[in-house]
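Just so you know, these numbers use all the heavy atoms, side chains as well, and skip hydrogens, waters and symmetry mates. Chain letters run A, B, ... following the sequence lines, proteins first, then strands; residues in each count from 1.
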Protein chains: 2
Amino acid sequence: MRYADVAKAERIRIYDVARVAGVSVATASKALNDTGRMTEATRTRVKQTATALGFRPNAMARALTRQRSFTIGLLTNDTYGRFTLPVMAGINEALVDQGVSVFLCGIEDDAALGKIHVDAMLDKQVDGIIATGKRIDRRLPVDLSDLPVPVVYAFTEGPADAVTLVSDDRQGAREATEHLLAHGRRRLVHVTGPDSFASVQNRAEAFRASAGQDAKVLYGAWSEAWGHEAVAKLWAQLNGPDGIFCGNDQIARGVVDALRERGIDVPAEVSVVGFDNWEIVSAATRPPLTTIDMNLKELGREAGRLILDLAEGKPVEPGIRTLPCKLVLRQSCGSDRVANRAEEEVLQEV
Amino acid sequence: MRYADVAKAERIRIYDVARVAGVSVATASKALNDTGRMTEATRTRVKQTATALGFRPNAMARALTRQRSFTIGLLTNDTYGRFTLPVMAGINEALVDQGVSVFLCGIEDDAALGKIHVDAMLDKQVDGIIATGKRIDRRLPVDLSDLPVPVVYAFTEGPADAVTLVSDDRQGAREATEHLLAHGRRRLVHVTGPDSFASVQNRAEAFRASAGQDAKVLYGAWSEAWGHEAVAKLWAQLNGPDGIFCGNDQIARGVVDALRERGIDVPAEVSVVGFDNWEIVSAATRPPLTTIDMNLKELGREAGRLILDLAEGKPVEPGIRTLPCKLVLRQSCGSDRVANRAEEEVLQEV
DNA sequence: GTGAAAGCGCTAACAT
DNA sequence: ATGTTAGCGCTTTCAC
């Protein structure tokens, strides 16, 4: 049977359920939605017939009357890369149980495309929009204020009075630095990305707060190449560092590779901590990187919950919600024994 | 103004347009959809009023009558990673102009979750479903046959009579191998993934067809570590290869790194070609990898077009459509001059 | 050329 | 406790 035939032949409506169960559509509707009042017997009978007939309500029709589509839009300019992926996974996790589906729209950095997608979402009556991106201190190229639906910003900048979710760069950097200190490292350096990034500045500040205000911070690109270059710079002087906290895993991998090429043992002589926990790089590094995970999936989950609350009209306090990062132990810092001890110490300080 | 107020206050319906334009809703509808017959003047007037009022049709209501939601579902078990990303981008590109939105559903390898998502899509009246995955020779854990909507399989296995899109592993492997040959490499080896993958077998076959039936093929894991190991194996014998075609970029990166560690120059002494063109690894390799791109985005675009045709009831020939890969030149094979010449030769052979 | 009216499938007052 | 009825916002015959 072709799908067209199936479509015509088999889709059964609440009308059918009502008829078979011997009630009116109104009663059927109430029975199935657990609203209204009726004998338990009727309700059960209707539900059973519905199941027996394989009834699935038409979400469009329902949305039309209820003014709620059980659909949300996810807007991102990170063309589904490093950051959006885990965020999306979290959102889906939070929403699937509620029967909410997600429209995904990648808009690059194209304002026109952004507007098209937002309009399309609005036309499709989304209950809310989650905006996400690749940079915590940049806005998407679309104006999402004054929309007729609620908006949650996750890992992208939003207006001051919006509901915004970000990961805690400072706390992440602090954990990384203290992990290094817990390993007995004292000559610490932070090799990170361009200082035009707010994340870079925040992490650098937190690093200095733990490592000492005179601890060195090297700014560069977010690349392995910069990791190599930084090592070259660092070891041009007499006394190289014994602990390096890197702004992302790519830099960290570059650092580790460069160190190995110089015959410097990681983690025996130098400990290295990365940032991002991007498996493809952190796990492939030799030795695998101990790094900071931004808990993006949890951030997505939280965004999902919030947009749901908002959509249901529940009150949600506006403002910036900061979610903690967590340290992921691998082998670039030293023995597990030490590492575990270090983690305990960190925990005690919280 | 809160979004709730905006929602109530500002959403204007076709009824409003009709009233302001001084026509009936029926005429308004026809005017806006370019159907029916009326004076050009009326049509224009209605359209202008619509624009002036900022009218946006309610997609739900429209879907209800037209039995077409302008929505499709994208199902994937590649939790939005390496393969799904570009495919998705292509799909979106093909569909956004048509006003079609995409529900993204990641189902891991969980059959129950898969069913939940498929049901949700069906409830939401999707016009079609595109199934995609991380492996060309494996099925998603859900049965998509006998659905009331059309299905297109892209980069995942489907039933024999389905519309399926795959990339051309053989042709890709052939291009890689001939590129190596064009560089004068004659002692070729193929270092690839587990031979349980159909892709691995097809590529290996194509490699042998070009490199000679006795050319060596080494099977292993899809990892950098395996690349290292393979080099160790290869150089344990006297005469190492001078051209290595790798099954993916991660293996290739491992190979290139291992070669460098042995003091073997890439590309001066050995040329290496990867597979996948996964930027994060191919561009970060030193030297950057010449590799095969599976054109996943184009594959997505094609999937989008096909599902659209199907949704519109246009006839689409079932069967497997094989899309060509393309060689991406970087620096792991030799000079651009040679590389370009090589590409010309390849082109001539097509 | 234009409009009245009947739905699409469902929900929610309001009757009974 | 159950049913009748009036929509949700739009498209589409079918009259006029």
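Counting only residues at least two apart or on different chains, the salt bridge (Lys or Arg N to Asp or Glu O under 4.0 Å) pairs with a member in residues 101-112 of chain B are Asp109(B)-Lys134(B). For the side-chain hydrogen bond (donor to acceptor under 3.5 Å, both in side chains) condition, the pairs that include at least one residue of residues 93-105 of chain B, sequence neighbours left out, are Lys124(A)-Ser101(B), Glu93(B)-Lys297(B), Glu93(B)-Arg301(B).
Judged as a salt bridge (Lys or Arg N to Asp or Glu O under 4.0 Å), and not counting sequence neighbours, the contacts of Arg19(A) are Asp16(A). Checked against salt bridge (Lys or Arg N to Asp or Glu O under 4.0 Å), Asp34(A) has the following partners two or more places apart in sequence or in another chain: Arg43(A), Lys47(A). Scanning for salt bridge (Lys or Arg N to Asp or Glu O under 4.0 Å) contacts around Arg56(B) gives Asp119(A), Asp123(A), with sequence neighbours left out. Residues passing the salt bridge (Lys or Arg N to Asp or Glu O under 4.0 Å) test with Asp127(B), sequence neighbours excluded: Arg68(B).
For Asn33(A), a side-chain nitrogen or oxygen approaches OP1 or OP2 of dT11(C) to under 4.0 Å.
In this structure, Thr84(A) contributes its side chain and Thr76(A) its backbone to no donor-acceptor pair below 3.5 Å. The closest donor-acceptor contact from the side chain of Thr49(A) to the backbone of Val46(A) lies under 3.5 Å. Side-chain atoms of Asn58(B) come within 3.5 Å of backbone N or O of Ala61(B) as a donor-acceptor pair. Distance alone, capped at 3.5 Å, is enough to place a donor-acceptor pair between the Thr44(A) side chain and the Glu40(A) backbone.
Less than 4.0 Å separates DNA chain C from no heavy atom of any residue of residues 36-52 of chain A. Within residues 120-128 of chain A, no residue has any heavy atom under 4.0 Å from DNA chain D.
When all heavy atoms of Phe155(A) and Ser167(A) are compared, the closest pair comes out as CE1-OG, 3.7 Å.
Heavy-atom nearest nucleotides on DNA chain C were determined for Asn58(A) and for Gly22(B), and the one closer to the 5' end corresponds to Gly22(B). Nearer to the 5' terminus of DNA chain D, by closest-nucleotide assignment, is the contact made by Met60(B) (compared with the other of Thr35(B) and Met60(B)).
When DNA chain D is scanned in the 5' to 3' direction for atoms under 4.0 Å from non-hydrogen atoms of chain B, the outermost contacting nucleotides are dG9(D) to dT13(D).
Look at CG on Asp16(A): it is 12 Å from P on dC8(C), rounded to the nearest Å. One interatomic measurement links the two molecules: CZ of Arg62(B) to C1' of dG9(C), which rounds to 18 Å at whole-angstrom precision.
Within the 4.5 Å cutoff, the side chain of Thr132(A) has no heavy atoms near those of the Ile91(A) side chain.
No side-chain donor-acceptor contact under 3.5 Å links Thr35(B) and Asn33(B).
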Working note: Tyr153(A) + Leu144(A), criterion side chain to side chain contact (heavy atoms under 4.5 Å, CB included); need CA distance, chi angles, decisive distance, verdict. CA-CA 10 Å; Tyr153(A) 297 82; Leu144(A) 263 23; 3.3 Å; yes
Would you tabulate the side-chain donor-acceptor contacts of residues 315-324 of chain A under 3.5 Å, counting partners in other chains and residues two or more places apart, or write 'none'?
{"from": "Arg321(A)", "atom 1": "NH1", "to": "Glu317(A)", "atom 2": "O", "distance (Å)": "2.9"}
{"from": "Arg321(A)", "atom 1": "NH2", "to": "Glu317(A)", "atom 2": "O", "distance (Å)": "3.2"}

Please list each protein N or O that sits under 3.5 Å from an N or O in nucleotides 4-7 of chain C, with the distance.
none

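Rounded to 10 degrees, the angle separating the terminal axes of the helix from dG1(C)-dC16(D) to dT16(C)-dA1(D) is 50°, with each axis obtained from five end pairs.
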